[in-house]
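What follows is a single structure, written as structure tokens, with notes after it.
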Protein chains: 2
Amino acid sequence: MTDKTGQAAGPRAYEAVLASIEAELRAGTLRIGDRLPGERTLSETHGISRASVRDAIRILDVMGLVRTAVGSGPNSGAVLISNPAAGLSSTLRLHVASRHLPVDDIVQARILLETWAATAATERAIDEPSLARARELLSLMDDPGLDREAFHDLDAQFHVLLSTLAGNAVVSAMMESLRLSIMGYVRDSVTTDEQWSPVVQTLRAQHHGILDALSARDGTLAAQLLREHIEWFFAETGH
Amino acid sequence: MTDKTGQAAGPRAYEAVLASIEAELRAGTLRIGDRLPGERTLSETHGISRASVRDAIRILDVMGLVRTAVGSGPNSGAVLISNPAAGLSSTLRLHVASRHLPVDDIVQARILLETWAATAATERAIDEPSLARARELLSLMDDPGLDREAFHDLDAQFHVLLSTLAGNAVVSAMMESLRLSIMGYVRDSVTTDEQWSPVVQTLRAQHHGILDALSARDGTLAAQLLREHIEWFFAETGH
DNA sequence: CGCCTAGTATGGTCAGACCACACTGTCGAG
DNA sequence: CTCGACAGTGTGGTCTGACCATACTAGGCG
């Protein structure tokens with residue numbers, strides 16, 4: 001009727017599998033950690049080819065909902081996991097590449113989410129173990145002998161940990177996915193250790209300041225430092 | 001040689017296509033609106049089977065980056081589009097179904113994004129055509145004869161439009177995806193028109209209040225009304 | 001000139017095969 | 001009896017080749 005452009009989008013075979021799995025997830029008969037039936041089994045129960053089943057599994061894979069492994073035994077096959085950030089970030093990254101999601105908007109959104117998380121975290125009960133873990137991460141990052149790869153990894157853990165303190169899984173996932181989606185751009189812009197070395201010094205100091213503010217339950221200050229931290233970093237490496 | 005958990009994750013064949021397309025997107029040799037080469041062509045140029053190429057195209061499809069159509073001619077094949085919200089929302093929806101992203105967190109995140117957008121919008125130049133369009137949408141929603149489906153559609157357009165006023169594509173996309181990801185839950189909780197009718201009355205009034213505040217450039221008031229609007233709606237239908 | 005039909009290129013689906021891998025149970029050596 | 005080697009089995013990953021429905025294209029026919 002309305003589709004002059006042929007936007008019909010007929011029912012795809014793999015959608016049956018996706019819908020079935022989503023329904024089982026909602027019903028609770030399928031839970032994180034469970035193994036999905038084998039591809040050959042699913043193809044038979046749904047009356048579609050194995051290729052179509054594989055489409056569905058593959059989609060769940062990139063969404064960060066399953067992890068697949070070959071072989072036999074309990075760890076093989078498609079296992080339900082929960083990694084929303086991975087799925088969201090890959091989608092975001094491609095859209096950023098298409099120039100329809102500006103990097104500046106990503107950074108701005110990330111600032112929004114992280115500063116909110118910092119403020120919200122101070123309005124909740126302090127999670128001491130998490131704070132201790134954060135301090136431990138900063139200590140590890142203070143090691144001068146750390147290579148860039150390891151620093152990035154610890155830095156990611158630090159920021160994710162802070163977001164987690166706010167207790168909102170969606171905000172954490174989105175914040176992490178925003179971070180991952182533009183990580184490639186950061187890598188490309190800073191290529192030499194000579195450029196990198198002074199940056200690390202500043203990052204360390206900023207991290208400590210943010211954590212101190214959070215420990216003192218000063219959400220406003222933590223948010224402000226966080227904003228300056230992120231803005232400074234992208235001003236430094238961004239262009 | 002390999003680790004015991006088997007988390008090896010060997011290089012997948014389809015990733016070559018994905019990487020190639022992402023690179024072309026970044027380089028600018030591939031743009032929104034362009035057609036991708038045919039699957040048979042891609043399978044030959046990358047030296048992989050058509051099945052693996054299809055995996056990559058399928059992934060781009062669910063990400064909201066391409067639209068595929070059968071047939072021949074300019075409108076057929078895989079065409080690059082930009083629909084980040086579609087890709088993000090499908091991922092979010094599945095993760096919500098898995099119980100690892102609470103609906104409450106989704107709502108909270110949406111409030112955060114929308115209230116920020118409202119505030120940010122008043123700090124920018126007013127986009128009169130958009131405001132006019134928003135008023136038009138509200139007028140259409142005032143029609144008592146409107147069915148629920150149409151109301152939902154207009155409501156979605158209204159909220160997306162407001163987010164757009166802030167000028168941040170990422171925030172808009174995320175806000176819309178959050179909205180889409182939990183639309184199914186709203187539908188399930190409100191089944192009869194008897195329940196729905198009074199709700200619509202309140203929604204209309206709230207919408208007008210929000211738009212009035214925005215028109216008056218009162219970002220704080222708009223944000224507050226928006227928060228109450230969303231919170232009220234999910235308190236009403238949520239449980 | 002205009003309508004209709006055969007042709008062609010496209011994605012959608014299927015069937016069947018082979019591979020590498022990882023666990024599992026068995027069997028044999030000690 | 002213990003324990004290591006090994007064949008067996010089930011898993012996803014990939015490929016090949018085929019057929020279908022569709023939608024545009026070009027040519028033939030009236």
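By convention in this document, chain letters (A, B, ...) are assigned in the order of the sequence lines, proteins followed by strands, and residues within each chain are numbered from 1.
- Remark: the backbone N or O of B:Tyr14 is not paired with any side-chain donor or acceptor of B:Asp55 at under 3.5 angstrom.
- Stacking of B:Arg133 on the aromatic ring of B:Phe158 is not recorded, the 6.0 Å distance cut-off and the 45° axial limit not both being met.
- Of all the heavy atoms in B:Pro74 and B:Arg35, the pair that sits closest is O-CD, 3.2 Å.
- The aromatic rings of B:His207 and B:His159 sit perpendicular to each other, their planes meeting at more than 60°, with 30° as the lower class boundary.
- Between B:Asn83 and B:Leu65, the closest side-chain pair of non-hydrogen atoms is not below 4.5 Å.
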Indicate for each nucleotide in nucleotides 6-15 of chain D, in 5' to 3' sequence, whether protein heavy atoms under 4.0 Å reach the base (B), only the sugar-phosphate (S), or nothing (-).
----BBBBBB
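- The separation between B:Leu42 atom CG and C:dA9 atom C1' is 15 Å, rounded to whole Å.
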